[in-house]
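One structure is given here, and the rest of the page talks about it.
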Amino acid sequence: MCHARAGAILSLLAVVFCAANARGQKLISPGYQFNSDPTCRELNGRFYLFTTHDPFTVQFETDNTFFADMYDYHAYSTTDFDHWIDHGSILSTHDLAWHAGTALWDGDAGIPANGKFYAYVPVRSEPDSLKDYGSFRLGALVSDRIEGPYKDALGKAMTTVDGEEIIGLSPTVVRDSKGERYLLWGPDATGQRYVRMARLAPDMVHLAETVREVAIPLQDECGEREFFESPILFERNDTWYMTYMAVHDPSRKNCSSKDAGGFYLRYTASKNMFGPFERDPINIMPPGGGGVENNHQGICSYQGNWYLAYHTRYDTIHRQVAVTELHRSEERRVGKECRSR
């Protein structure tokens, strides 16, 4: 599958992470496969994407209620952003026997450690007959290969050090400057908003410490919901950057916020990986940027450059993943946006 090189250029500054609005999008599987919730990383000299899979036809089908039919992950890779390899389904709910529902939502895969590769996924706990979003437990899987197949590493949901099952979405792994790895996740599909993190044991499937809350802005300046999902955390030049998907509902606005309604990609910074993070987040991509409305993100570097992966809006077609290049430039911060000098 081929397409033009990732073309919408945003910006990444070494000290301040700023981005202009995306002006276009380059789909990785245009017209033939629907995917969403991307994460990305460089592995063995290739740029890898790991996505959930919307198993629908090209003809738009609106009955995707509660996203209950998503059941597997795909891996894609490239070296030039013109030619992509679809490595197929790398894991699915069939690989985890301890859940009741079909839905397999936003997680991460291809995480290297111990000479293997790990995946962390939220799996619906309730049967599909229950007509709501349900709740999700986190599963840990392992493979000898980046592209899988991944197998259940525990035979049950991941638990805290107190033996409680971990409930939440958007799990991924963060590595600090000392090489310690942390499991990061949040929120809960039932509507609870939080970001949580705990250091992983060397085996990568158990927690080594008590779960801690990460202090990011969960509400905006109007007291309305800010954080929605997809916490992605990385360190650069001794500063920690938390990127996430935010939501703004103008109908509930009770102050002078100038945010338009819709979903945003934002970031905020801290000197500590657990925060507190700044309460004045910056927009990486506002609603409509690159044709995006629901824009769950992955951010990573590849061969010295930075890239943003996201999925397109669920409107006239099912969701599809796109990749946009980030670059460094001289920027100055103006309010909640970034503008070139």
Side-chain angles (χ1 to χ4, degrees), residues 37-44 46-52 72-75 77 87 89-99 104-123 125 136-187 194-214 230-235 240 242 273-274 298-301:
D37 308 322
T39 56
C40 61
R41 59 183 44 86
E42 181 175 358
L43 295 166
N44 295 344
R46 298 185 66 84
F47 180 92
Y48 274 86
L49 281 171
F50 303 94
T51 76
T52 52
D72 70 337
Y73 278 33
H74 276 239
S77 70
H87 298 281
S89 177
I90 63 172
L91 62 89
S92 76
T93 48
H94 300 300
D95 299 313
L96 301 160
W98 43 264
H99 59 88
L104 182 69
W105 283 8
D106 59 325
D108 201 357
I111 298 169
N114 304 329
K116 298 180 182 296
F117 298 91
Y118 293 84
Y120 304 87
V121 298
V123 185
S125 302
F136 287 72
R137 269 59 174 175
L138 300 190
L141 301 95
V142 64
S143 174
D144 293 326
R145 301 171 63 247
I146 300 168
E147 303 90 351
Y150 287 79
K151 300 299 181 184
D152 191 353
L154 285 171
K156 62 180 182 178
M158 295 187 72
T159 60
T160 67
V161 292
D162 298 322
E164 297 293 327
E165 290 185 341
I166 301 175
I167 301 173
L169 302 173
S170 307
T172 187
V173 170
V174 182
R175 186 171 181 173
D176 69 11
S177 59
K178 298 179 182 179
E180 296 284 359
R181 294 176 174 89
Y182 294 78
L183 184 69
L184 173 72
W185 73 93
Y194 53 74
V195 179
R196 293 173 179 163
M197 188 160 59
R199 182 167 51 86
L200 282 162
D203 66 6
M204 295 293 288
V205 296
H206 294 91
L207 300 188
E209 64 180 9
T210 301
V211 175
R212 298 168 60 183
E213 298 281 340
V214 180
S230 184
I232 299 290
L233 180 65
F234 65 91
E235 184 182 23
W240 286 94
M242 177 72 77
M273 67 189 303
F274 286 92
I299 293 179
C300 62
S301 63

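Between atom CD of residue Glu42 and atom OG of residue Ser301 there is a gap of 6.5 Å, rounded to the nearest 0.5 Å. If you take OG1 on Thr51 and CG on Asp37, they are separated by 8.0 Å, rounding to the nearest 0.5 Å. Note: Leu104 CG to His99 NE2 = 8.0 Å, rounded to the nearest 0.5 Å. How far CZ of Arg196 is from CG of Leu184: 12.0 Å, rounded to the nearest 0.5 Å. Note that CH2 of Trp240 and CG of Leu233 are 5.5 Å apart. Values are rounded to the nearest 0.5 Å.
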**Val121/Leu91 under side-chain contact (heavy atoms from CB on, under 4.5 Å): CA gap, chis, key distance, verdict** = CA-CA 10 Å; Val121 298; Leu91 62 89; 3.9 Å; yes

**Prompt:** Leu200 and Met158: side-chain contact (heavy atoms from CB on, under 4.5 Å), yes or no, with the steps?
**Reply:** CA-CA 11 Å; Leu200 282 162; Met158 295 187 72; 4.3 Å; yes

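When the side chain to side chain contact (heavy atoms under 4.5 Å, CB included) test is applied to Asn114, the partners found at least two apart in sequence or on another chain are Tyr118, Met204. Judged as a ring pair (Phe, Tyr, Trp, His ring centres under 6.0 Å), and not counting sequence neighbours, the contacts of His87 are Tyr48. Under the rule for a ring pair (Phe, Tyr, Trp, His ring centres under 6.0 Å), Tyr73 has no partner lying at least two apart in sequence or in another chain. Remark: Asp106 pairs with no residue by the salt bridge (charged side-chain N to carboxylate O under 4.0 Å, His left out) rule, at least two apart or across chains. Not counting sequence neighbours, Glu235 has no partner by the side-chain hydrogen bond (donor to acceptor under 3.5 Å, both in side chains) test. For Lys156, the side-chain hydrogen bond (donor to acceptor under 3.5 Å, both in side chains) criterion is met by no residue, not counting sequence neighbours. For Asp152, the salt bridge (charged side-chain N to carboxylate O under 4.0 Å, His left out) test picks out no residue, with sequence neighbours left out. Legend: residues meeting side-chain hydrogen bond (donor to acceptor under 3.5 Å, both in side chains) with Asp72, ordered by chain and number and at least two apart, are His53, Ser89. Residues that satisfy the side-chain hydrogen bond (donor to acceptor under 3.5 Å, both in side chains) test with Arg46, not counting sequence neighbours, are Ser77.
The minimum heavy-atom distance between Ser143 and Lys116, with the atom names listed, is O-CB, 3.4 Å. The two atoms that bring Ser170 and Pro231 nearest to each other are CB-CD, 3.7 Å, heavy atoms only. For the pair Phe50 and Asp108, the tightest heavy-atom approach, listed with the atom from each and the gap, is CD1-OD1, 4.4 Å. Residue Arg181 comes nearest to Pro112 through the heavy atom pair NH2-O, 3.5 Å, listed as atom of the first residue, atom of the second, then distance. Here the closest heavy-atom approach between residue Glu209 and residue Tyr182 is recorded as OE2-CE2, 3.7 Å. The two residues Phe47 and Cys40 have their closest heavy-atom pair at CZ-CB, 3.8 Å.
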List the atom pairs, donor and acceptor, that lie under 3.5 Å between side-chain atoms in residues 159-169 and the rest of the protein, sequence neighbours left out.
residue	atom	partner	partner atom	Å
Thr160	OG1	Asp162	N	3.2
Thr160	OG1	Glu164	N	3.2
Glu165	OE1	Arg137	NE	3.1

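Other residues, nucleotides and ligands contribute more than 12 heavy atoms inside 6.0 Å of the CZ atom of Arg199.
Each of Asp95, Ile90, Leu96 was compared with Ser92 under the side chain to side chain contact (heavy atoms under 4.5 Å, CB included) criterion, and only Asp95 meets it. Checking Thr172, Val214, Val195, Val211 one by one against Trp185, the side chain to side chain contact (heavy atoms under 4.5 Å, CB included) holds for a single residue, Val211.
For the salt bridge (charged side-chain N to carboxylate O under 4.0 Å, His left out) condition, no pair includes a residue of residues 167-178, sequence neighbours left out.
Side chain of Tyr150 to main chain of Gly110: a donor-acceptor pair is present (N/O by atom type, distance under 3.5 Å, no hydrogens or angles). In this structure, Asp203 contributes its side chain and His206 its backbone to a donor-acceptor pair below 3.5 Å.
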